[in-house]
Enquirer: 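Questions regarding the structure given below will be posed in turn.
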Amino acid sequence: MARAIGLSLLAGAGLLACALPAAAETALLNVSYDPTRELYREINAAFTEAWKAKTGEAITVRASHGGSGAQARTVIDGVDADVVTLGIPSDIDAIAKLTRKIPEDWRSRLPNQGTPYTSTVVFLVRKGNPKGVKDWDDLVKPDVKVITPNPKTSAGGRWNFLAAWGYAYGKDKDAAKADAFVGQVYKNVPVLDTGARGSTVTFAQRGLGDVLPTWENEAYLVLQEFGADKFDIVSPPTSIYAEPPVALVAVNAERKGTTKAAQAYLDFLYSDRAQAIFAKHHYRPIRREAAAPADLAQLPDIKLFKIEDLQGSWDEIQKRNFDAGGLFDRLSRAGR
């Protein structure tokens with residue numbers, strides 16, 4: 001079973017293998033972030049079936065996966081995406097600002113600010129939790145090695161970074177202390193992969209590290225593929241409210257003549273069928289009533305905070321933490 005994640009990683013940021021569509025067939029390209037490979041495989045199959053039933057037309061949806069920041073850069077550099085389903089709002093903002101291919105008001109063009117599901121950060125540890133990791137404070141213990149992706153290229157890396165910061169800030173509302181806490185966490189990080197799936201492989205297949213802060217769905221995937229006898233999931237009492245957004249790459253879709261189909265694809269993500277698929281894959285659907293109760297039961301109650309409530313707009317969050325000269329760069333220069 002361990003082979004599956006390794007094979008997924010080999011796909012990198014490239015397109016998933018698929019048959020070439022017939023000349024008359026509409027083809028969409030969804031540029032997505034790292035851990036959604038398994039999710040969008042099922043979503044795409046469900047959408048093509050629904051589209052055929054509704055219109056009588058065949059459609060192919062291709063998917064590209066990689067670190068969310070790196071994926072945004074490919075669209076900025078010219079990859080012909082019809083839609084983007086990325087890991088963090090700042091990545092879609094970057095495409096909108098640098099290329100104008102996505103309207104700057106993209107959040108208002110779909111329900112729930114362009115977010116069809118949410119997630120959070122949990123801890124994946126080795127079976128029996130030998131280092132006793134229970135909460136964010138345990139990540140700064142000197143004998144705990146933390147595996148997390150690079151926040152410059154990975155949305156998962158940014159959510160992990162912001163989750164640690166928000167946890168520390170919540171103690172006494174002291175930003176300087178929260179900055180220092182994150183620096184302590186990164187002192188314990190031996191390697192920074194470019195994407196969340198790469199960090200999963202480093203932790204689960206290569207055997208490095210004691211704890212993997214990761215997307216909730218990614219933690220469950222490891223249990224499914226490697227077996228619950230090798231790893232445990234620890235849900236911290238407090239974590240971050242993560243909102244992976246989606247948007248139409250309007251300029252590309254208009255030029256390619258795919259606007260109607262691409263918009264229908266994004267609308268489908270809010271349908272009962274897609275919402276149930278999200279829950280099945282351990283994402284948190286925004287319409288819980290559409291999901292199977294057994295799937296919802298696997299998502300524990302965690303006290304979640306929104307980073308916007310603590311640091312302001314996504315422009316401010318990105319600039320403060322991840323742009324050149326931001327907190328991450330300062331911590332890196334300090335050897336943390």
Side-chain angles (χ1 to χ4, degrees), residues 15-16 18-19 21-22 24-65 68 71 75 79-89 91-92 95 101-103 105-119 155 215 217 242-292 295-296 299:
L15 298 178
L16 295 178
C18 62
E25 200 172 290
T26 300
L28 300 179
L29 174 58
N30 171 14
V31 171
S32 194
Y33 65 107
D34 229 0
T36 59
R37 304 165 195 268
E38 296 77 16
L39 170 68
Y40 278 110
R41 195 173 296 136
E42 186 165 353
I43 287 285
N44 293 348
F47 172 72
T48 57
E49 179 184 315
W51 180 261
K52 179 75 171 178
K54 181 178 180 180
T55 68
E57 300 172 358
I59 191 168
T60 296
V61 183
R62 298 177 295 160
S64 170
H65 299 274
S68 185
Q71 289 290 82
V75 178
V79 164
D80 226 5
D82 299 275
V83 300
V84 288
T85 58
L86 296 177
I88 202 163
D91 285 336
I92 297 183
I95 299 169
K101 292 179 180 179
I102 296 174
D105 65 346
W106 61 267
R107 286 179 178 83
S108 67
R109 298 192 175 213
L110 285 166
N112 197 42
Q113 296 289 290
T115 305
Y117 63 86
T118 67
S119 189
W215 295 99
N217 58 284
E243 299 174 286
V246 303
L248 176 72
V249 188
V251 171
N252 288 354
E254 183 177 357
R255 177 176 47 77
K256 295 163 68 177
T258 58
T259 299
K260 181 180 178 181
Q263 185 62 53
Y265 179 82
L266 294 176
D267 293 339
F268 179 78
L269 301 181
Y270 295 86
S271 70
D272 284 354
R273 188 171 182 187
Q275 292 288 303
I277 293 171
F278 291 142
K280 174 184 172 183
H281 286 266
H282 306 288
Y283 299 83
R284 296 179 178 238
I286 61 169
R287 296 184 57 253
R288 293 174 62 88
E289 66 274 13
D295 292 333
L296 293 177
L299 302 173

Enquirer: Would you find a donor on one side and an acceptor on the other, under 3.5 Å apart, between the side chain of N112 and the backbone of T115?
Expert: yes
Enquirer: Report yes if some heavy atom in the side chain of K52 is under 4.5 Å from a heavy atom in the side chain of I59; otherwise report no.
Expert: no
Enquirer: What verdict does the side chain to side chain contact (heavy atoms under 4.5 Å, CB included) test give for V249 and D82, after you've listed the backbone C-alpha separation in whole Å, the side-chain angles of each residue and the deciding distance to 0.1 Å?
Expert: CA-CA 5 Å; V249 188; D82 299 275; 5.9 Å; no
Enquirer: Tell me the closest heavy-atom pair linking G87 and W215, and the distance in Å.
Expert: O-CH2, 3.5 Å
Enquirer: T118 and E243: side-chain donor and acceptor closer than 3.5 Å?
Expert: no
Enquirer: Is atom CZ of R288 surrounded by more than 12 heavy atoms (other residues, nucleotides or ligands) closer than 6.0 Å?
Expert: no
Enquirer: Identify which one of I92, N252, V83, L248 satisfies the side-chain contact (heavy atoms from CB on, under 4.5 Å) criterion when paired with I102.
Expert: I92
Enquirer: Measure the shortest side-chain to side-chain distance between R107 and P89 over non-hydrogen atoms and say whether it is less than 4.5 angstrom.
Expert: yes
Enquirer: Please find the pair of heavy atoms, one from A264 and one from W51, that lie closest to each other, and give the distance.
Expert: CB-CZ3, 3.5 Å
Enquirer: Does the side chain of Q71 come under 3.5 Å of the side chain of S64 through a donor N or O and an acceptor N or O?
Expert: yes
Enquirer: Taking only residues two or more places apart in sequence, or in another chain, which ones meet A276 in a side-chain contact (heavy atoms from CB on, under 4.5 Å)?
Expert: none
Enquirer: To the closest 0.5 Å, what do you measure between CD1 (I277) and CZ (F47)?
Expert: 12.5 Å
Enquirer: Does any non-hydrogen side-chain atom of V246 lie less than 4.5 Å from one of L269?
Expert: yes
Enquirer: Donor-acceptor pair, distance only, cut-off 3.5 Å: does the side chain of K280 make one with the backbone of A292?
Expert: no
Enquirer: Take atom CD in E254; do more than 12 heavy atoms of anything else shown fall under 6.0 Å from it?
Expert: no
Enquirer: Run the numbers on R255 and V251 for side chain to side chain contact (heavy atoms under 4.5 Å, CB included), then give the verdict.
Expert: CA-CA 6 Å; R255 177 176 47 77; V251 171; 5.6 Å; no
Enquirer: Which heavy atom of Y270 sits nearest to which heavy atom of L266, and what is that distance?
Expert: CD1-O, 3.4 Å
Enquirer: Please check this pair: side chain of Q275 against backbone of R284, looking for a donor-acceptor N/O pair closer than 3.5 Å.
Expert: no
Enquirer: Do L86 and I95 touch side chain to side chain, with heavy atoms closer than 4.5 Å?
Expert: yes
Enquirer: Do Y265 and N44 have side-chain atoms, one donor and one acceptor, less than 3.5 Å apart?
Expert: yes
Enquirer: About how many Å separate OG1 of T85 and CG of D91, when rounded to the nearest 0.5 Å?
Expert: 11.5 Å
Enquirer: Can you say whether the rings of Y117 and Y283 are parallel (under 30°), tilted (30 to 60°) or perpendicular (over 60°)?
Expert: perpendicular
Enquirer: Taking H65 for its side chain and S32 for its backbone only, find out whether a donor-acceptor pair lies under 3.5 Å.
Expert: no
Enquirer: Side chains of T258 and T26: does their closest heavy-atom pair fall under 4.5 Å?
Expert: yes
Enquirer: Does the side chain of H281 come under 3.5 Å of the side chain of E38 through a donor N or O and an acceptor N or O?
Expert: no
Enquirer: Any salt bridge linking E49 with R273? Criterion: basic side-chain nitrogen under 4.0 Å from a carboxylate oxygen.
Expert: yes
Enquirer: Walk me through it: do D267 and L110 pass the test side chain to side chain contact (heavy atoms under 4.5 Å, CB included)?
Expert: CA-CA 8 Å; D267 293 339; L110 285 166; 3.7 Å; yes
Enquirer: Are N217 and P35 packed together at the side-chain level, in the sense that at least one heavy-atom pair is separated by less than 4.5 angstrom?
Expert: yes
